[in-house]
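Source: prediction; values computed, not measured.
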Amino acid sequence: AMLRLRLLTWDVKDTLLRLRQPVGQSYAAEARAQGLQVQPEALGRAFREVYGAQSRRFPNYGHGQGLSSRQWWLDVVKQSFRLSGVQDEAALTKLAEKLYRDYCSSHNWELLPGAAETLSRCRQRGFRMGVVSNFDGRLEAILSQCNLRHHFDFVLTSEAAGFAKPDGRIFEQALRLGGARPEQAAHVGDDYGRDYRAARAAGMHSFLLRAAGQGQGPEVPPEHVLPTLSHLLARIEK
């Protein structure tokens with residue numbers, strides 16, 4: 001039977017938009033522009049380590065712990081460069097502020113295949129649309145720069161919500177914003193735990209974007225799996 005949906009909610013990173021190049025490469029290029037030689041691989045490893053530690057210590061960008069998301073990110077960038085051997089504090093501050101701004105712009109992001117077309121077609125079908133993303137306040141600007149913002153009735157970030165996926169309360173806020181009951185809503189995302197399973201736990205329908213050849217994670221009914229975003233409407237309407 002066709003799902004009677006009113007609201008579609010969307011993850012962003014690796015669902016609609018992805019980074020044009022790995023973080024280590026972007027960071028190294030910015031360092032080079034400032035006359036510093038740092039290995040992209042070392043920076044990438046340092047970033048993953050620092051980002052993980054910062055996320056554990058100050059979850060959801062330090063929300064409720066007195067940190068702004070901007071300060072949270074500046075600390076991550078600086079510490080990533082420190083671990084990669086850059087010690088000059090003035091250089092670290094300049095790098096961090098420049099990279100924080102750069103990740104606001106479309107120049108670091110690209111659309112996934114089928115993203116713009118699928119969003120347009122969903123809007124044409126009359127669905128209400130919203131973003132539910134573990135992201136900081138820069139997301140509005142990124143979506144606007146990438147020419148996606150106009151598709152959405154609301155953009156709900158974990159920073160604004162005060163809760164990060166898989167916490168069900170961020171989905172409850174999205175349902176209120178979208179004026180829908182859980183069974184009238186479906187979430188689209190690429191992460192099994194934070195997107196697919198969390199939305200279902202909140203009583204919503206959910207679809208998992210899982211490209212062919214990606215490491216097969218937990219079992220998901222095939223009718224809930226999207227090999228590409230372009231498969232979404234057929235899954236909803238069949």
Let me see the working for Leu17 and Leu148 under side-chain contact (heavy atoms from CB on, under 4.5 Å), right down to the final yes or no. CA-CA 10 Å; Leu17 295 175; Leu148 293 181; 3.9 Å; yes
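- Leu67 and Phe163 are assigned to two separate hydrophobic clusters, defined by single-linkage of ILVMFWY side chains at heavy-atom distances under 4.5 Å.
- Partners of Arg138 according to the salt bridge (Lys or Arg N to Asp or Glu O under 4.0 Å) rule, which considers only residues two or more places apart in sequence or in another chain, are Asp136.
- Contact check for Ile236 versus Arg125: no side-chain heavy atoms found under the 4.5 Å cut-off.
- In this structure, Arg235 does not pair ionically with Glu223, as no charged nitrogen and carboxylate oxygen lie closer than 4.0 Å.
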Check: residues 85-99 side-chain donor-acceptor pairs under 3.5 Å, at least two apart:
unit_1, atom_1, unit_2, atom_2, d
Asp88, OD1, Ala90, N, 3.0
Asp88, OD1, Ala91, N, 3.2
Glu89, OE1, Arg82, NH2, 3.2
Glu89, OE2, Arg82, NE, 3.2
Glu89, OE2, Arg82, NH2, 3.3
Thr93, OG1, Glu89, O, 3.1
Lys98, NZ, Glu30, OE1, 3.4
Lys98, NZ, Asp102, OD1, 3.2
Lys98, NZ, Asp102, OD2, 3.1

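- Among residues at least two apart or in separate chains, salt bridge (charged side-chain N to carboxylate O under 4.0 Å, His left out) pairs with a member in residues 163-172 are Asp11-Lys165, Lys165-Asp195, Asp167-Arg169.
- Partners of Phe171 under the ring pair (Phe, Tyr, Trp, His ring centres under 6.0 Å) rule, at least two apart in sequence or in another chain, are His187.
- For His63, the side-chain contact (heavy atoms from CB on, under 4.5 Å) partners are Asn60, not counting sequence neighbours.
- When the side-chain hydrogen bond (donor to acceptor under 3.5 Å, both in side chains) test is applied to Arg194, the partners found at least two apart in sequence or on another chain are Asp191.
- Nearest heavy-atom pair across Leu16 and Leu229 is CD2-CD1, 4.0 Å.
- Each salt bridge (charged side-chain N to carboxylate O under 4.0 Å, His left out) pair with one or both residues in residues 33-60, not counting sequence neighbours, would appear here, but there are none.
- Within the 4.5 Å cutoff, no side-chain heavy atoms of Phe207 are placed close to those of Thr15.
- To the nearest 0.5 angstrom, Glu159 atom CD is 10.5 Å from Leu139 atom CG.
- Ser106 meets the side-chain hydrogen bond (donor to acceptor under 3.5 Å, both in side chains) test with no other residue; sequence neighbours excluded.
- Note on Leu7: it does not cluster hydrophobically with Leu226, by side-chain heavy-atom contacts below 4.5 Å among ILVMFWY residues.
- No continuous path of ILVMFWY side-chain contacts below 4.5 Å connects Val225 to Leu8, so the two sit in separate hydrophobic clusters.
- Heavy-atom minimum distance, Ala42 versus Ser84: O-OG, 3.8 Å.
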Is there a side-chain contact (heavy atoms from CB on, under 4.5 Å) between Glu140 and Thr157 once you walk through the steps? CA-CA 9 Å; Glu140 288 268 3; Thr157 63; over 6 Å; no
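- Put simply, the side chain of Glu117 never gets that close to the backbone of Ser230: no donor and acceptor are under 3.5 Å apart.
- Partners of Gln173 according to the side-chain hydrogen bond (donor to acceptor under 3.5 Å, both in side chains) rule, which considers only residues two or more places apart in sequence or in another chain, do not exist here.
- Every residue two or more places apart in sequence or in another chain that forms a side-chain hydrogen bond (donor to acceptor under 3.5 Å, both in side chains) with Gln71 is listed here: Asp75.
- Looking at Trp109, its side chain never comes within 3.5 Å of a backbone N or O of Ile142 through a donor-acceptor pair.
- When the ring pair (Phe, Tyr, Trp, His ring centres under 6.0 Å) test is applied to Phe47, the partners found at least two apart in sequence or on another chain are Tyr27, Tyr51.
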Leu36/Phe81 under side-chain contact (heavy atoms from CB on, under 4.5 Å): CA gap, chis, key distance, verdict: CA-CA 11 Å; Leu36 295 164; Phe81 277 103; over 6 Å; no
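- Under the rule for a ring pair (Phe, Tyr, Trp, His ring centres under 6.0 Å), His231 has no partner lying at least two apart in sequence or in another chain.
- The backbone N or O of Gln184 sits nowhere less than 3.5 Å from a side-chain atom of His205 that would complete a donor-acceptor pair.
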